Amino acid sequence: MKIKYILEHEEKNTKARLGKIETNYGTFETPMFMPVGTEATVKTLSVEELKDVKAGIILANTYHLWLRPGEDIIAKAGGLHEFMKWDGPILTDSGGFQVFSLAKPKDISEEGVKFKNHLNGDNLLLTPEKSIEIQNKLDSDIAMSFDECIGWPASYEYCKQSVERTLRWAKRGKDVFNNDRQSLFGIVQGGEYEDLRKYCTEELVKMDFDGYSIGGTSVGEDKPTMYKMVRYATKYLPQGKVRYLMGVGDPIDIVENVCRGIDIFDCVSPTRLARHGHYLTKFGKYNIKNAKNKDDFSCLDSNCDCYTCKKGYSKAYIRHLINAGETLGARLLSIHNIRYLIRLTEELREAIKNDSLLAYREQFIKDYYGDKGLPYKQNLDEIIN
RNA sequence: GCGGAAUUGGUGAAGUGGUUAACACGCCGGAUUGUGGCUCCGGUAUGCAUGGGUUCGAUCCCCAUAUUUCGCC
């Protein structure tokens, strides 16, 4: 079956929504943070650990799995769930972000995008049809349309033609889509221009996707710009379908965008930060490598319910592991960071349920930024109206 | 005991008779957003073994001392 989004409650004072999504591999509540497992693994975590941090769904990457080990191997294994032994929901990204991060403008054409396989130098062409075909074989629960993710800033003219292309690519992908057990999302592009975001959203809605996501964010723009881009899309999206904001995972961005009507987020940050020795807490982001942690035998965050903190692994020990390049360090911090972000969405759900999201947001900012205050000018108007 | 060579920051080391002593590692900070997994960006010797001397000026030249190291007896 396709996924089913059930809207349970709309927060009274903001655009936030409480809901749940039913899939073939279980139901999860939204808003939800989705850890990234590019190579069919959330880096350093076992599936038991993923369950333990209460991940409702994870993301895997079409581009990477296409190159290695190849979608046919995964299909032969019985699909991605069976291959990686994860029995929860999976969303596959289409490769659209690699258009932004790996391909050069000259490699992008109407047909698709040329890539160079870094493993053996092969020239590869990824097209909307190919991306969908791969995702159909991977058998994830949610497939993403192949879009053109552009950087920021981008001119109106470039965004406009890019939106048109993304819409044509969305249509081409939808036409060849062939997997009853899988759902397909459209991706809203349009840069920072409201009329383009609106147009793109409305055209995608006409095509009737199973859910919608917002792309082209966290590509270098400032926060207020990102929040506007989000609002330009959520304004025109149907209430009965799920909204997924791609690539966003700074804690404040999760809070702000939940307020603007987003249901799902994904981001590499908790695992990448972990590998580089950073950890998140209610009171901000910290660097475990700082010399002051050398003999600090307290845990990362005494209020945290993650395995790392409950077990009582100390800052001094984790600092040592990170400095020594031991993978357990990255793993303990990844568990902590992912749990932090998922717990953040749990708290947001609770606040939505109680219609107290604005107060929660206020307190979050106070705790996380302290005396420094918000690093940007807030616009409450956007959240409320 | 005799003779040679060496001595530059936490480490390995470049280097020059004349403003800021290269580079690398480490260390100390910071960055990281639909992940091309050890990446990127900063900072980090007021001093070149010690004491004398030559010189307008010495880390660089000379002498002595110390230490290390090699060879010979």
Side-chain angles (χ1 to χ4, degrees), chain A residues 33-45 57-68 90-103 115-121 124 131 135 140 142-152 166 185-189 211-223 226 229-230 243-254 256-257 262 264-280 285-294 319 321-327 329-331 333-334 337 341:
Chain A
F33 175 77
M34 174 166 62
V36 175
T38 302
E39 301 266 16
T41 165
V42 174
K43 293 184 195 306
T44 74
L45 298 209
I57 175 170
I58 63 170
L59 177 149
N61 202 285
T62 300
Y63 173 79
H64 303 262
L65 297 176
W66 174 45
L67 296 190
R68 179 174 58 187
I90 301 174
L91 177 149
T92 40
D93 188 22
S94 61
F97 187 71
Q98 279 63 47
V99 175
F100 164 69
S101 64
L102 299 180
F115 292 101
K116 212 165 201 89
N117 182 334
H118 61 283
L119 300 171
N120 58 18
L124 301 166
S131 174
Q135 294 183 75
S140 55
I142 300 171
M144 300 303 300
S145 293
F146 186 66
D147 64 326
E148 182 188 6
C149 179
I150 63 172
W152 185 88
T166 286
F185 282 20
I187 303 177
V188 178
Q189 291 289 344
Y212 298 91
S213 70
I214 298 165
T217 55
S218 45
V219 290
E221 77 284 6
D222 52 79
K223 290 181 185 297
M226 179 212 282
M229 292 181 190
V230 168
R243 296 103 171 250
Y244 157 37
L245 178 58
M246 307 185 81
V248 170
D250 189 356
I252 185 63
D253 293 341
I254 291 178
E256 289 283 20
N257 289 308
I262 296 296
I264 302 178
F265 301 83
D266 82 281
C267 192
V268 303
S269 75
T271 46
R272 182 179 290 165
L273 287 174
R275 268 177 275 126
H276 297 159
H278 293 79
Y279 64 99
L280 300 164
K285 192 185 78 177
Y286 296 97
N287 188 346
I288 195 73
K289 292 193 283 187
N290 285 173
K292 67 180 174 201
N293 295 320
K294 206 174 347 188
R319 176 179 191 272
L321 293 175
I322 293 288
N323 282 341
E326 287 291 343
T327 51
R331 181 160 156 221
L333 289 181
S334 291
N337 286 343
L341 289 177

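Being a predicted model, the structure only gives us computed values, none of them experimental. So that the names make sense, note that chain A is the first sequence line, chain B the second, and so on, each numbered from 1.
The separation of rC25(B) from rC38(B), taken at their P atoms, amounts to 15 Å, rounded to a whole angstrom. Across rG12(B) and rC72(B), the matching P atoms stand 27 Å from one another, rounded to whole Å. Comparing rU19(B) with rG26(B), their C1' atoms are spaced 30 Å from each other, to the whole Å. Nucleotides rC61(B) and rC48(B) have their C1' atoms positioned 15 Å apart, rounded to a whole Å. One C1' atom belongs to rC23(B), the other to rG9(B), and the distance between them is 14 Å to the nearest Å. If you take atom P in rU20(B) and the same atom in rC2(B), they sit 43 Å apart, rounded to whole Å. For the P atom pair drawn from rA24(B) and rU44(B), the interatomic distance equals 14 Å after rounding to whole Å. Taking the C1' atom of each, rG47(B) and rA22(B) are spaced 15 Å apart, rounded to whole Å.
Atom CD1 in Ile58(A) sits about 13 Å away from atom P in rU35(B), given to the nearest Å. Taking atom CE of Met34(A) as the reference point, atom P of rG34(B) lies 11 Å away to the nearest angstrom. To the nearest angstrom, P of rG37(B) lies 11 Å from CG of Leu67(A). Straight-line distance from the CD atom of Glu326(A) to the P atom of rC38(B): 17 Å, rounded to whole Å. Residue Ile254(A) contributes atom CD1, which lies 14 Å from atom C1' of rG34(B) at whole-angstrom precision.
At the heavy-atom level, Thr271(A) lies under 4.0 Å from base atoms of the strands shown. Using a 4.0 Å heavy-atom distance criterion, Ile187(A) is classed as a base contact. Contacts of Leu59(A) with the nucleic acid, taken as non-hydrogen atoms under 4.0 Å apart, involve only primed sugar atoms and P, OP1 or OP2. Counting any heavy atom pair closer than 4.0 Å across all strands shown, Glu148(A) reaches no nucleic acid atom.
With sequence neighbours excluded, no residue forms a salt bridge (charged side-chain N to carboxylate O under 4.0 Å, His left out) with Glu221(A). Not counting sequence neighbours, the partners of Ser94(A) by the side chain to side chain contact (heavy atoms under 4.5 Å, CB included) test are Ser131(A), Gln135(A), Met144(A), Phe146(A), Asp147(A). Take Ser140(A) and apply the side chain to side chain contact (heavy atoms under 4.5 Å, CB included) test, not counting sequence neighbours, and it matches Ile90(A), Thr92(A), Gln182(A). Residues that satisfy the salt bridge (charged side-chain N to carboxylate O under 4.0 Å, His left out) test with Arg331(A), not counting sequence neighbours, are Glu49(A). Here Asn287(A) pairs with His278(A), Lys289(A), Asn290(A) under the side chain to side chain contact (heavy atoms under 4.5 Å, CB included) rule; sequence neighbours left out. Listed by chain and residue number, His320(A), Glu326(A) satisfy the side chain to side chain contact (heavy atoms under 4.5 Å, CB included) test with Ala324(A) (two or more places apart in sequence, or in another chain). Contacts of Phe265(A) classified as ring pair (Phe, Tyr, Trp, His ring centres under 6.0 Å), with partners at least two apart in sequence or in another chain: none.
Residues Asp93(A) and Gly325(A) both approach RNA chain B. Their nearest nucleotides, taken by heavy-atom distance, put Asp93(A) toward the 5′ side.
Considering only heavy atoms from C-beta on, Ile57(A) stays 4.5 Å or farther from Tyr244(A) through its side chain.
The heavy-atom pair separating Phe115(A) from Val99(A) by the smallest distance is CZ-N, 4.1 Å.
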Do nucleotides 25-33 of chain B as a string where each nucleotide becomes B, S or -: B if the base has a protein heavy atom under 4.0 Å, S if just the sugar-phosphate does, - if no protein is that close. ---SSSBBB
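To the nearest 0.5 Å, atoms CD (Glu39(A)) and CZ (Arg68(A)) are separated by 5.0 Å.
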Would you sketch RNA chain B in dot-bracket for me? Only Watson-Crick or G-U wobble pairs with both distances under 3.5 Å count, crossing pairs as [ ], other-strand pairs as |, the rest as dots. (((((((..(((.....[....)))((((((.......))))))....(((((..]....)))))))))))).
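Of the candidates rU35(B), rG37(B), rG34(B), the closest approach to any side-chain atom of Cys149(A) belongs to rG34(B).
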